[in-house]
J.: 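Structure in structure tokens, see below.
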Amino acid sequence: MAWTRKFLRVNLTDGTIKTEALNMDWAREYLGQRGLATRYFVAEVDPKVDALGPDNKLIMTTGPLTGTMASTGGRYSVVTKSPLTGAIACSNSGGFIGAEMKNAGWDMIIFEGKAPSPVYLYVENDHAELVPADDLWGKSVWATDELLHQKYQDPQLRICCVGRSAEAGCLYSAIVNDLHRAAGRSGVGTVMASKNLKAVAVRGTKGVGNIKDPIRFMKTVAEQKKVLADNAVTGAGLPKYGTQVLMNVINEMGALPTRNMREVKFEGAHAVSGEAMHEPRKSDGKPNLTRNAGCFGCTIACGRISTIDRGHFSVETKPEYWGNSGGLEYEAAWALGPDTGVDDLNALTYVNFLCNEDGMDPISYGATVAAAMELYEMGVITQEDTGGIELKFGSAQALVAVTELTAKGEGFGKILGLGSKRMCEKYGHPELSMTVKGQEFPAYDPRGIQGMGLTYATSNRGACHLRSYTVSSEVLGIPFKTDPLATEGKPELVIAFQDATAAVDSSGLCIFTTFAWSLENIAPQIDAACEGDWSVEKCAELGARVWNLERDFNMRAGLTSADDTLPPRLLKDGANTGPAQGKVAGLAEMLPKYYELRGWTTEGQLTPETRARYGLPS
Amino acid sequence: MLKSLYINPEKCTGCLQCEMACSYELEQVFNPAHSRIKVFTFHDAGRFVPYTCTQCDEAWCLKACPVEAIVINAATGAKEILNDRCVGCKVCTISCPFGTVNYNSASGKVIKCDLCGGNPQCASACPTGAITYIDSDATGLERMRNWAEKINTQYAA
């Protein structure tokens, strides 16, 4: 059990809301969250659908452990077809709204159609209604959050919504919840805005129960919390430095993509690192980092709560940005910093605030700015295009200026809102876009961490580190150390990580637990809570089933094996320095073996045997 | 030895494990809405503060109750609600200066912290030590130790 066993189906076109029983046969095969939502999505949506048309659907879904005491059990996912990639999108967020949805009694909300004018969904336990949102349209995420809290006079109301970037059609807009957590990647916020759906506000007071074996569940949950507390990464490194613990580490190994991935080491890395966030500022003696924070139920608490120096040029005349808010995490710090060559911690924190305030994926956004900077330095983009902004690598002023535009969808920000691929194509230089399937790379150079090259190339949602984080093995030695420069053994490693990750993403737990936990630690928690037999083997099989189902959707959507590739810069230009100097991403050495191990044809299509093995719909 | 819940907000990350543990112990569901301990977020200040009943010696709630439904647990010192006596009049919720007694519309009774009979689950669940259950007569000990550590005697001699 642990599921509420029911979900809401919201038809935005005709304004109706229905309660439906959860398909428990699917729940037993796909568990919840990413897996279960994907099963519903492929059953209901034509893969060739226009991502921004009314026939695309958007599913918000919790896992069976969401809202329970299992550490990190607060996750929810958003599944839809991505306007950025044309592939299936699944973006995952923490914060508090997932648990609130579950507390209100819902496993999932399926949105279909398109509202004739802006609306938001209000849910209070069994009561769900669509409310006109004309007064919220045109408002930022932060303003929307404040207005809804004022309206309902309920501080416990949990809200997710889209900002002005999504309304303006920025293709990598996020759905932001609890002010600074986000279902960040692949433009899920853009889809939400395309449906005239501004926000979802939830209040749940029913509680989460239905635990199969409560005594066993509480015992295993307590044991596993201790495993997280005793682990050096989840018990010490992440609480203290957040994911920013990686900035100096990845830079030292020459795998920190710099200036649109032209280089692999950034001379200013320390200034924007997790360590620097602890150092007192000259102006007021306070560090950037105020404290760490946890999402719902999380005993790791890697979240960053930060302030910007009030005297910094970005905010000196804007007191509304002087308070605390969500600070820099590694991927955001990298994309906004090393990839644009900017080493100004205050500027990056401000830009990160803006990404939260108006709902932009900071990875895609920063990487797009980096590509624009390269085009600017080549003279392809000019000040005429940028409206007078000198968009040079390393310019904090330029970064701040274009961010303020992109957040609101104004001026050159409209071009940046296209994402790196479409922008580079527009200016005649598709080779300068550091993307796979149209989605921008995160913060690991695959020339120095070879497994990540295969990870990016085969990720079902375009370039992404959270689909198989082989950095764990290749850099940190978790669960065992592999050579980051070797390609041998990487197809096996990537598949194991992809499957385990898909299982974790279907449970309601956070992938960051896997620095300390393997499926051996996770499966018993699922098994104690959920009906059925959730062994380690069954969880791994669940992950493989989800992976293959996503892949199948993408193939039917028209993607081919030609999309499982990397930009020429990574395949042809050797790393400029460091341990990987001269090395390129060895994708060709890994991809055929990967297809073979996956049980796919040499064209990357699922075989009938593979389909049958996982019981996939034909 | 009488023990008290001792809260150090500096250590709180706002994860709500305490609220889940509390509601699970008392209602067998994970339901922060019914937790007797609440974590408050002060977003702009970047602070999280857990707050619950401090078990006053001379308890306003106990004195205000017209039906003697609030009694002292002799072992723990907790002021406990007797559900079969509580009539849901809510006078205790008004008399408590700290707001830690609250009405539960589902049961028609009031709810407050009862220290879980001497094994408060919020303290056990807290991952950072922000909530501890310690000697009532020495709740300042950790703070004293932290200050004591700063005292440098090497120049005194």
Side-chain angles (χ1 to χ4, degrees), chain A residues 2 66-74 96 99-100 102-104 125 142 145 155-156 178-180 203-211 214 217-218 221-222 225-226 228-229 235 239 289-307 320 322-327, chain B residues 7-51 99 102-109 111 116 119-132:
Chain A
T66 305
T68 74
M69 235 169 119
S71 184
T72 77
F96 296 85
E100 201 70 25
K102 196 78 172 285
N103 269 281
N125 295 331
W142 292 0
D145 189 282
Q156 308 285 332
D178 304 289
L179 296 174
H180 49 76
R203 180 73 173 116
T205 61
K206 292 183 160 194
V208 176
N210 289 340
I211 302 296
F217 182 71
M218 292 303 272
V221 160
K225 276 164 66 177
K226 188 161 186 321
L228 293 178
L289 183 76
T290 302
R291 62 158 311 114
N292 66 324
C295 294
F296 183 92
C298 175
T299 59
I300 303 172
C302 72
R304 306 288 91 186
I305 304 293
S306 286
T307 58
E320 63 271 31
W322 291 356
N324 281 275
S325 196
Chain B
I7 289 168
N8 181 349
E10 276 178 35
K11 293 184 179 175
C12 178
T13 64
C15 75
L16 308 189
Q17 281 273 337
C18 55
E19 295 193 7
M20 280 190 283
C22 177
S23 54
Y24 189 79
E25 172 74 11
L26 294 165
E27 301 188 3
Q28 290 74 53
V29 287
F30 304 109
N31 190 355
H34 289 179
S35 173
R36 278 69 163 162
I37 186 167
K38 297 299 293 177
V39 178
F40 294 90
T41 300
F42 300 92
H43 184 262
D44 265 18
R47 296 181 71 217
F48 305 101
V49 184
Y51 202 83
N102 285 280
Y103 179 65
N104 179 348
S105 58
S107 66
K109 314 282 178 187
I111 57 174
C116 300
N119 183 19
Q121 293 300 300
C122 55
S124 307
C126 179
T128 63
I131 306 167
T132 49

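Below, chains carry the letters A, B, ... as their sequence lines are ordered, and counting in each starts from 1. Excluded from the calculations below are hydrogen atoms, water molecules and symmetry mates; all remaining heavy atoms, backbone and side chain alike, are included.
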J.: I need the minimum non-hydrogen distance between B:V39 and B:C12, along with the two atoms involved.
T.: CG1-SG, 3.9 Å
J.: So which atom in A:M69 and which in A:F217 form the shortest heavy-atom distance, rounded to 0.1 Å?
T.: N-CE2, 4.4 Å
J.: Among the options B:C126, B:C18, B:A21, B:A106, pick out the one with the most heavy-atom pairs lying under 4.5 Å from chain A.
T.: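 The answer is B:A21.
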J.: Name the region of A:L179, side chain, backbone, both or neither, that has any atom closer than 4.5 Å to a heavy atom of chain B.
T.: side chain
J.: Indicate the atoms forming the closest heavy-atom contact of A:C295 with A:F96, along with that distance.
T.: C-CZ, 4.1 Å
J.: Compile a table of inter-chain donor-acceptor pairs under 3.5 Å between chain B and chain A, counting both main-chain and side-chain atoms.
T.:
residue : atom : partner : partner atom : Å
B:E10   : O    : A:R291  : NH1          : 2.8
B:C12   : O    : A:R291  : NH1          : 3.4
B:C12   : O    : A:R291  : NH2          : 2.9
B:T13   : O    : A:G294  : N            : 2.8
B:C15   : O    : A:G297  : N            : 2.6
B:Q17   : OE1  : A:K225  : NZ           : 2.9
B:Q17   : NE2  : A:M69   : O            : 3.1
B:Q17   : NE2  : A:G297  : O            : 2.8
B:F30   : N    : A:V208  : O            : 2.9
B:F30   : O    : A:V208  : N            : 2.8
B:N31   : ND2  : A:T205  : O            : 2.8
B:H43   : NE2  : A:H180  : NE2          : 3.3
B:D44   : O    : A:N324  : N            : 2.7
B:D44   : O    : A:N324  : ND2          : 2.8
B:A45   : O    : A:N324  : ND2          : 3.2
B:A125  : O    : A:K225  : NZ           : 3.2

J.: A:A301 versus chain B, heavy atoms under 4.5 Å apart: side chain, backbone, both or neither?
T.: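 When you check distances to chain B, only side chain atoms of A:A301 fall under 4.5 Å.
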J.: Once you round to the nearest 0.5 Å, how far does CD1 of B:I111 lie from SG of B:C22?
T.: 7.5 Å
J.: Compare every heavy atom of A:I305 with every heavy atom of B:G46, then report the nearest pair and how far apart it is.
T.: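 Nearest pair, atom of B:G46 first, then A:I305: CA-CG2, 3.8 Å.
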J.: Of all the heavy-atom pairs spanning B:V29 and A:G209, show the shortest one and how long it is.
T.: CG1-CA, 4.0 Å
J.: With chain B, which of A:P214, A:G73, A:A229 has the greatest number of heavy-atom pairs at distances under 4.5 Å?
T.: A:P214
J.: Search all heavy atoms of A:F296 against all heavy atoms of A:G67 and return the closest pair with its distance.
T.: CE2-CA, 3.6 Å
